[in-house]
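Predicted model only: the values in this text are computed from it and were never measured. Note that these values count all heavy atoms, side chains included, but never hydrogens, waters or copies made by symmetry. Throughout, a chain's letter reflects where its sequence line sits, starting with A, and its residues are numbered from 1.
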Protein chains: 4
Amino acid sequence: MKTDTGTKTDNCFVRRRASRPRADALRNRERIVTAALEMFVEFGPEVPLDEVARRAGVGNATLYRNFADREALTHEVVLSVTSRTTDRAEEAVAAESDPFAALSRFVHAAADERIGALCPMLSGGFDQHHPELLAERRRLEKAVEGLVERAMTAGRMRTDIAVGDVLVALSQLTRPLPGIACLDIDRFTHRHLQLFLDGLEAPARSVLPGSAATLEDLRRGH
Amino acid sequence: MKTDTGTKTDNCFVRRRASRPRADALRNRERIVTAALEMFVEFGPEVPLDEVARRAGVGNATLYRNFADREALTHEVVLSVTSRTTDRAEEAVAAESDPFAALSRFVHAAADERIGALCPMLSGGFDQHHPELLAERRRLEKAVEGLVERAMTAGRMRTDIAVGDVLVALSQLTRPLPGIACLDIDRFTHRHLQLFLDGLEAPARSVLPGSAATLEDLRRGH
Amino acid sequence: MKTDTGTKTDNCFVRRRASRPRADALRNRERIVTAALEMFVEFGPEVPLDEVARRAGVGNATLYRNFADREALTHEVVLSVTSRTTDRAEEAVAAESDPFAALSRFVHAAADERIGALCPMLSGGFDQHHPELLAERRRLEKAVEGLVERAMTAGRMRTDIAVGDVLVALSQLTRPLPGIACLDIDRFTHRHLQLFLDGLEAPARSVLPGSAATLEDLRRGH
Amino acid sequence: MKTDTGTKTDNCFVRRRASRPRADALRNRERIVTAALEMFVEFGPEVPLDEVARRAGVGNATLYRNFADREALTHEVVLSVTSRTTDRAEEAVAAESDPFAALSRFVHAAADERIGALCPMLSGGFDQHHPELLAERRRLEKAVEGLVERAMTAGRMRTDIAVGDVLVALSQLTRPLPGIACLDIDRFTHRHLQLFLDGLEAPARSVLPGSAATLEDLRRGH
DNA sequence: GATGAATGAGAATTCATTCAT
DNA sequence: CATGAATGAATTCTCATTCAT
């Protein structure tokens, strides 16, 4: 995942203080993204960027130097959450031999990565069709598709479910309620996720209406 | 200097139909609440009130005459959705002989009433503790409690679920995604609700973590 | 003091119910002017007219039926206060044999008539040059001039003072402080007026700078 | 997730002249206060803040960056006028050997500092009980108390007067008449102040009614 | 005539974004 | 690079005035 944004000055050698600012700058960038995610979760995606900068411990102009506007920052946050969530999907495969256990582990891990925070951003606020994002999202879908298909193949879950169903339900159920620490993620959210997983595991009791979805679909109607 | 305020009754007979002019006013009031709900669903709870007024087809000041500020309008919207949702719960009991079918009918009906639109409002934006709201919320909880208990007693659903679990999961799953017509309520939402219901109906497969919740609990952490 | 505003329908005879609404209407008009004066004193000349109407116990539209706009109402209030103050000046002459005592009585009486409330209105807010107002103001000046000259002639006060000095100082000293009941007119204002009067009575100790003024002068600079 | 907010000190030496950029900012702040005082005097305390900003030559948001709201700006204006007025009281002591001349000098100087502009603000519009203001007001009262007591002790003025009487009368007499350049301060105001001073200097001719006041008292009734 | 409701224009305040140091 | 300050373009809300009953 090359983030070579601005690699122009990479050339080696001396120049003692040339790379130092880089270290700083990179740390700032990360701090800002972290702060932004936290505050989107706590206060919603409308949170003033000046406040994000304050929480990140940098001046507002530094934020704008790194991210041209709110859209750019949102983009990075989405990218970062998506990427880490994908990592969790991959870890889950490795960590659990039982395929449904793997899916289950992923679901809870995704909640901890605040995948729910992406929801409000799905609706505008950044360029859904940016290649970088599309790529990352496909990576996530592939990974989750793997988890789901393995569980189905093993007969461990009902088979009328698509990746999109999992991802959307998962996102919605973990979607933060600004002002309430992420819907009190420990007291409620994991509980509801477990209920959801139990439902996936049980045999189908009805014909699900509507159509299975990919994340992609979500934007279609727009 | 007699300040005989209230001498208006000097004009004898008049005032027969003192409440008539309100026909218009009442319609306006309702139109505003309706427009507000629609726009909260479409654009989120931060939608400019001037836009709400425009959609309602009234001047902005008319909105403010009816609702002192955003909080007051939000209050009314929440009240109205809660109330209609409760009605749906009561209807569901009457309409279905099977207790789980009743719960199921309620869940889908609540989605159509946009119960999910309440989520973003639960986090501030209005006075949670207003007696009027508390009363209405209790009515809703009682009604849903009835649905749930009957289904459990009939052995039609797992028994480790509380009203709050149903209401929170239901609200989250149907929570609107601004910019996407209520998460494309027909293509996805009812599907996910059905999946959720299937999960409720199936026997428990795991011990649910965390604690069951009432809507009340949601505010506790705050 | 003919206030034949709208006397067009004065014609006598029958018409039982023709003059009745008149009585009402007139009372309303007076109530509004009274309420306006009270509220100008209490809250300043920016007080919302709807509030004035409420205090007067009439609908806002009734206020506007009687006074085309804020200027018209202000006009009437000024006229009314000026007129009553003039009456007080005339009464003072009649009531006191000592010329300075008469002036003194007038000064305190003018305070009770809220002559200070005129100050904020002197600065725009209504048409200073309206003939009706000019006439009334001249009447006031004449009356006060009488008081002052008599006191001077009797050797009861310093002679380098003009009517305008008395009226302006009097108005300023009694000018209401919105939010503080007319500068607590009894505890402070009459005290300061007495001090002012004592100063007038004493022999001149210095050459007063500037020029004596008529109320008229006040508008000149504008 | 280290939230080492405050790592700004990573950049070693920097920050030498951290307060330099404030040169501009400070000037702006002062310009705004100056403009505000001028416009309060000219147009009253309700003058639109956007206009104040324009007069100060800054954008409206700059005003709001410096003063959270009208109250905060008013606070600063009051503070600034009070403080300068106190300075004048102290200067007056130094400049005049005769105690009454000192008082007299102060009174005219206070008018030039627009002490009268404080009047409309005394009635709400800012927090009267803010410690900063209370302190500054006490400083003013102390200073004027000194002037008054010295004049009394020297037998140069009547002795039934309190600081509050002087300050209130002084403020009222110099209170600006929006629309009229500070009551044409040179043509009328100094004249009336001189008359007032003459009255103070003369022996008491009557028992003053009411009670002497401190500025503090003015708020009591509220 | 009288009333409550409706309205648009304007004022206060916030915030994304740009600028100067 | 980093920063605090500046800015204008919304947004919320108020109020004088008009309208419909």
Side-chain angles (χ1 to χ4, degrees), chain A residues 6 17 20-22 24-25 28 46-53 58-71 73, chain B residues 8 10-11 14-15 17-29 46-51 53 57-70, chain C residues 20-22 24-25 28 46-53 58-71 73, chain D residues 8 10-11 14-15 17-29 46-51 53 57-71 73:
Chain A
R17 288 177 28 238
R20 253 290 290 304
R22 260 306 202 64
D24 264 42
N28 275 345
E46 314 285 333
V47 68
L49 293 195
D50 277 20
E51 296 303 316
V52 172
V58 303
N60 61 350
T62 299
L63 186 154
Y64 277 95
R65 160 172 300 278
N66 281 280
F67 307 97
D69 52 16
R70 179 183 286 274
E71 178 172 341
L73 176 55
Chain B
K8 315 152 203 165
D10 270 354
N11 332 338
V14 206
R15 193 75 34 123
R17 311 169 302 186
S19 51
R20 235 293 216 71
R22 265 95 165 244
D24 287 46
L26 265 192
R27 180 160 43 255
N28 274 344
R29 209 184 148 84
E46 312 285 331
V47 68
L49 294 195
D50 279 20
E51 296 302 315
V58 303
N60 59 354
T62 297
L63 187 154
Y64 280 97
R65 155 180 283 272
N66 281 280
F67 306 98
D69 52 17
R70 180 182 288 275
Chain C
R20 252 290 288 304
R22 260 309 201 63
D24 264 42
N28 276 345
E46 312 285 331
V47 68
L49 293 194
D50 277 21
E51 297 302 316
V52 173
V58 303
N60 60 351
T62 299
L63 187 154
Y64 277 94
R65 159 172 300 277
N66 281 279
F67 307 98
D69 52 18
R70 178 183 287 275
E71 177 173 341
L73 176 56
Chain D
K8 316 150 202 165
D10 270 356
N11 331 336
V14 206
R15 192 78 33 124
R17 311 170 302 187
S19 51
R20 235 295 216 71
R22 263 93 164 247
D24 287 47
L26 264 193
R27 179 158 46 252
N28 274 344
R29 209 185 148 83
E46 313 285 332
V47 68
L49 294 194
D50 278 21
E51 297 302 316
V58 303
N60 60 352
T62 297
L63 187 153
Y64 280 96
R65 156 180 282 272
N66 281 280
F67 306 98
D69 51 17
R70 179 182 289 276
E71 178 174 341
L73 177 55

Worksheet item: Nearest to the side chain of T62(A) - dT3(F), dG8(E), dT17(E)?
Response: dT3(F)
Discussion item. Nearest heavy atom decides the nucleotide; on that basis, is E46(D) or G57(B) closer to the 5' end of DNA chain E?
Written reply: G57(B)
Worksheet item: Which of the following nucleotides, dA11(E), dT17(E), dA6(E), is nearest to the side chain of Y64(A)?
Response: dT17(E)
Worksheet item: Hey, does L49(A) have a side-chain heavy atom less than 4.5 Å from the side chain of L73(A)?
Response: yes
Worksheet item: Starting at CD of E51(D) and ending at C1' of dA12(E), how long is that distance when rounded to a whole Å?
Response: 13 Å
Worksheet item: If each of N66(A) and V47(C) is mapped to the nucleotide of DNA chain F with the nearest heavy atom, which maps nearer the 5' terminus, i.e. the 5' end?
Response: N66(A)
Worksheet entry | D50(A), nearest nucleotide to its side chain (from dA5(F), dA12(E), dT17(E)) | dT17(E)
Discussion item. I'd like to know if R65(D) reaches the base of dA5(F) with its side chain such that a donor and an acceptor end up less than 3.5 angstrom apart.
Written reply: yes
Discussion item. On a heavy-atom basis, which atom in E46(D) and which in R70(D) lie closest, and how many Å separate them?
Written reply: O-NH2, 3.6 Å
Worksheet entry | For atom CG of L49(A) and atom P of dT17(E), their distance in whole Å | 7 Å
Worksheet entry | Between CG on residue D24(B) and CZ on residue R29(B), distance to nearest 0.5 Å | 15.0 Å
Item to complete: Select from A61(A) and G59(D) the residue whose nearest nucleotide in DNA chain F is closer to the 5' end of that strand.
Response: A61(A)
Worksheet entry | Nucleotide forming a Watson-Crick or wobble pair with dT21(F), both distances under 3.5 Å | dA2(E)
Worksheet item: To the nearest Å, how far apart are L26(D) CG and dT21(E) P?
Response: 15 Å
Worksheet, complete the sentence: Among the nucleotides dT21(E), dT7(F), dC15(E), whichever has the atom closest to the side chain of P48(A) is dC15(E)
Worksheet entry | Base paired to dT12(F) (Watson-Crick or G-U; both N/O distances under 3.5 angstrom) | dA11(E)
Discussion item. What's N60(B) touching, base or sugar-phosphate or nothing? Going by heavy atoms closer than 4.0 Å.
Written reply: base
Worksheet entry | Touch class at under 4.0 angstrom, heavy-atom based, for D69(D) against every strand present | sugar-phosphate
Worksheet, complete the sentence: Of all heavy-atom pairs linking T62(D) and N66(D), the shortest is O-ND2, 3.0 Å
Practice prompt. Grab the CG-P distance between D24(A) and dT3(F) for me, whole Å please.
Written response: 9 Å
Worksheet item: F67(B) CZ to dT14(F) C1': how many Å, rounded?
Response: 18 Å
Discussion item. Output the rounded distance in Å from CG (L63(C)) to P (dA2(E)).
Written reply: 12 Å
Worksheet item: Does the side chain of R70(D) get closer than 4.0 angstrom to OP1 or OP2 of dA12(E) through an N or O atom?
Response: yes
Worksheet item: What's the shortest heavy-atom distance between N60(C) and A53(C), and which atoms?
Response: CA-CB, 3.7 Å
